[in-house]
2 protein chains.
Amino acid sequence: MRTAQNKRAKQRIFEAALALFARKGYAAVGVREIAKKAHVNISMINYYFGEKAGILKAIINECYDRYFKTIKPVGDEDLPVDEHIRKMIRTGVNFFRKNTELAIVAFDVIPLDIPEVMGLKVKWVTGIREGMENFRKKLGVDSRDVLQESLGPNVFVAVILNHFQGKYAAEQYPQFKEYVAQLNDAFYERYADALADLFLYGYMGRKKKENKEEE
Amino acid sequence: MRTAQNKRAKQRIFEAALALFARKGYAAVGVREIAKKAHVNISMINYYFGEKAGILKAIINECYDRYFKTIKPVGDEDLPVDEHIRKMIRTGVNFFRKNTELAIVAFDVIPLDIPEVMGLKVKWVTGIREGMENFRKKLGVDSRDVLQESLGPNVFVAVILNHFQGKYAAEQYPQFKEYVAQLNDAFYERYADALADLFLYGYMGRKKKENKEEE
DNA sequence: TTATCTGTCAAACGTTTGTTTTAATCAATC
DNA sequence: GATTGATTAAAACAAACGTTTGACAGATAA
């Protein structure tokens, strides 16, 4: 076995494709372009991934797998609500910061028309939702209620993802250099805290209002 | 002039492309597929839109134009903060509900690599941001502060868009029929209200906290 | 009536697409 | 020293790509 070198070629393809997909979208990138960027022969793509869509599937699996492994243990922790929300948001921000390209490609709605890809996503989303049941309950979110579910943890995941999509877009164009420069470690400490406050007060306020209405 | 018929063909191309782009992504859709769905000849696409990217540009312009015209007057209204947030969110929900495909295509981060398309988006986003200055001030958001800006109105726009992306995806697969069926008029009344509560309490809570810290 | 313009069409343009095949080379394992 | 697996280059494949062309019908304008 030459796993050290194997991995290097497969990994190079993976990373080259990831960067290209994130910028151009899956369908706009050709296998020749990927091969060129990865410094491998075209046939290596089919050798390792079977087909072009195989790379996309690998990206989706890698992203959701990392996401699950990152977020699940934090969701299972036994903390007071406020601390728990804060820690979850902090964890989420860190994840998206470290895995921006992965998330942009894997969490993009498009393409919806490749059944195998959609199947993968559905499987993962379902699994993650089930894994977050404890945290959801702590927030007072009943997953059988469509309204409550639509105000659950996915809400702040959407906000964070949106932020990093914007950041990534800004990074592609030099005119936004000053904006991007401000998004440093210190910023994300404050950002995570501010977001946590926003949702914390939001959830608490809603709960109070519901209790009043029940009286 | 035969504008009545002209519009019909151009409009058919626009709508066919929109539906296909929303499902598959811009790059994955060929001009022949669009022409077939629109029941026009392939050359009609270049005749009306110059190039394939012309359709995408038209979609982006149409979406942002509608969005601006919908949201701007509401943002300029003179209402108490709580009512204002509520009305803005209600307006946003209605917009995304009516223009889901338009929003999915126009607000998608990808593709980032077509400078003309990115230029369009930047122009619109800048314009809309400037147009929302009054509302932003009322929320207590200083647009020169990156942190505050990243917690501004774009936060709940992201949440709403995320919801309708999910809904649209669910509509494409029959296994989610029951979920989609629950998303009716009544749901969206409650959804908009609940979202408004969430952010209202969130912003108020954050403001209180800031005041305390200043003491 | 003749000339012009507009919408529409089929056909063809040269590229590029994803994939497969074949032959050859290189390094590591048995 | 034979075998195996990783990698390369080059070529071929049919299919699809975005765009252009030239012709023609019908309405409009001179």
Side-chain angles (χ1 to χ4, degrees), chain A residues 1-60 105 110-111 113-118 120, chain B residues 1-60 105 110-111 113-118 120:
Chain A
M1 281 199 290
R2 248 200 294 152
T3 32
Q5 291 214 4
N6 299 0
K7 272 200 177 174
R8 239 186 275 147
K10 191 175 182 183
Q11 190 66 18
R12 282 206 310 274
I13 295 172
F14 184 92
E15 283 165 10
L18 178 59
L20 291 168
F21 289 170
R23 277 180 51 89
K24 305 183 159 193
Y26 167 70
V29 181
V31 286
R32 285 168 184 80
E33 195 181 359
I34 299 171
K36 195 173 183 181
K37 181 160 183 143
H39 299 108
V40 297
N41 191 267
I42 320 170
S43 46
M44 289 277 85
I45 290 175
N46 298 66
Y47 183 75
Y48 280 119
F49 295 94
E51 47 176 0
K52 186 192 165 191
I55 315 180
L56 182 57
K57 291 185 207 167
I59 288 173
I60 291 172
V105 176
I110 296 168
D113 66 311
I114 307 172
E116 280 188 70
V117 169
M118 279 300 290
L120 257 190
Chain B
M1 282 199 288
R2 257 203 279 154
T3 32
Q5 291 213 2
N6 301 357
K7 271 199 179 176
R8 241 186 276 146
K10 189 174 183 182
Q11 190 65 19
R12 282 206 310 275
I13 294 172
F14 184 93
E15 284 164 11
L18 178 59
L20 291 168
F21 290 170
R23 277 179 52 88
K24 304 182 159 195
Y26 167 70
V29 180
V31 285
R32 284 165 184 81
E33 195 180 359
I34 299 171
K36 194 174 184 181
K37 180 157 185 148
H39 299 108
V40 298
N41 190 271
I42 320 170
S43 50
M44 291 276 87
I45 290 174
N46 299 72
Y47 182 76
Y48 282 118
F49 295 94
E51 47 177 0
K52 187 193 165 191
I55 316 179
L56 183 57
K57 291 185 206 166
I59 288 174
I60 291 172
V105 176
I110 296 168
D113 66 311
I114 307 172
E116 279 189 70
V117 169
M118 278 301 289
L120 257 190

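Chain identifiers are assigned alphabetically (A, B, ...) following the order of the sequence lines, protein sequences preceding nucleic acid strands; residue numbering begins at 1 within each chain. Both backbone and side-chain heavy atoms feed into the values below; hydrogens, waters and symmetry mates do not. Owing to the predicted nature of the structure, the values given are computational and were not obtained by experimental measurement.
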Q: According to salt bridge (Lys or Arg N to Asp or Glu O under 4.0 Å), does anything in residues 25-37 of chain A pair up with another residue at least two apart or in another chain? List the pairs.
A: A:Lys24-A:Glu33
Q: Tell me every residue that passes side-chain hydrogen bond (donor to acceptor under 3.5 Å, both in side chains) with A:Asp113, counting only those two or more places apart in sequence or in another chain.
A: none
Q: Treat primed atoms plus P, OP1 and OP2 as sugar-phosphate and everything else as base, then score nucleotides 9-20 of chain C 5' to 3': B for base contact with protein heavy atoms under 4.0 Å, S for sugar-phosphate contact only, - for none.
A: BB-B----BBBB
Q: If you round to the nearest 0.5 Å, how far is CD of B:Glu15 from CD1 of B:Ile34?
A: 13.0 Å
Q: Who passes side-chain hydrogen bond (donor to acceptor under 3.5 Å, both in side chains) against A:Asn46, sequence neighbours left out?
A: none
Q: Whole Å only: how far is the CZ atom of A:Arg8 from the P atom of C:dA27?
A: 13 Å
Q: Can you list everything that forms a side-chain contact (heavy atoms from CB on, under 4.5 Å) with B:Phe49? Sequence neighbours excluded, please.
A: B:Lys10, B:Ile13, B:Phe14, B:Ile55, B:Ala58
Q: Kindly calculate the angle separating the two end axes of the helix from C:dT19-D:dA12 to C:dC30-D:dG1, each obtained from five base pairs, and round it to 10 degrees.
A: 10°
Q: May I have all residue pairs that pass ring-ring contact (aromatic ring centres under 6.0 Å, His included) and include part of residues 22-46 of chain A, sequence neighbours excluded?
A: A:Phe21-A:Tyr26
Q: What pairs meet the salt bridge (Lys or Arg N to Asp or Glu O under 4.0 Å) rule with one or both residues in residues 44-60 of chain B, with sequence neighbours excluded?
A: B:Glu51-B:Lys57, B:Lys57-B:Glu116
Q: With respect to the phosphate group of C:dT8, does any side-chain polar atom (N or O) of B:Tyr48 fall under 4.0 Å of OP1 or OP2?
A: yes
Q: To check you understand the geometry: which heavy-atom pair defines the closest contact between A:Val29 and A:Gly25, and what is its length?
A: CG2-O, 3.4 Å
Q: Between A:Tyr47 (OH) and C:dA23 (P), how many Å, whole number?
A: 18 Å
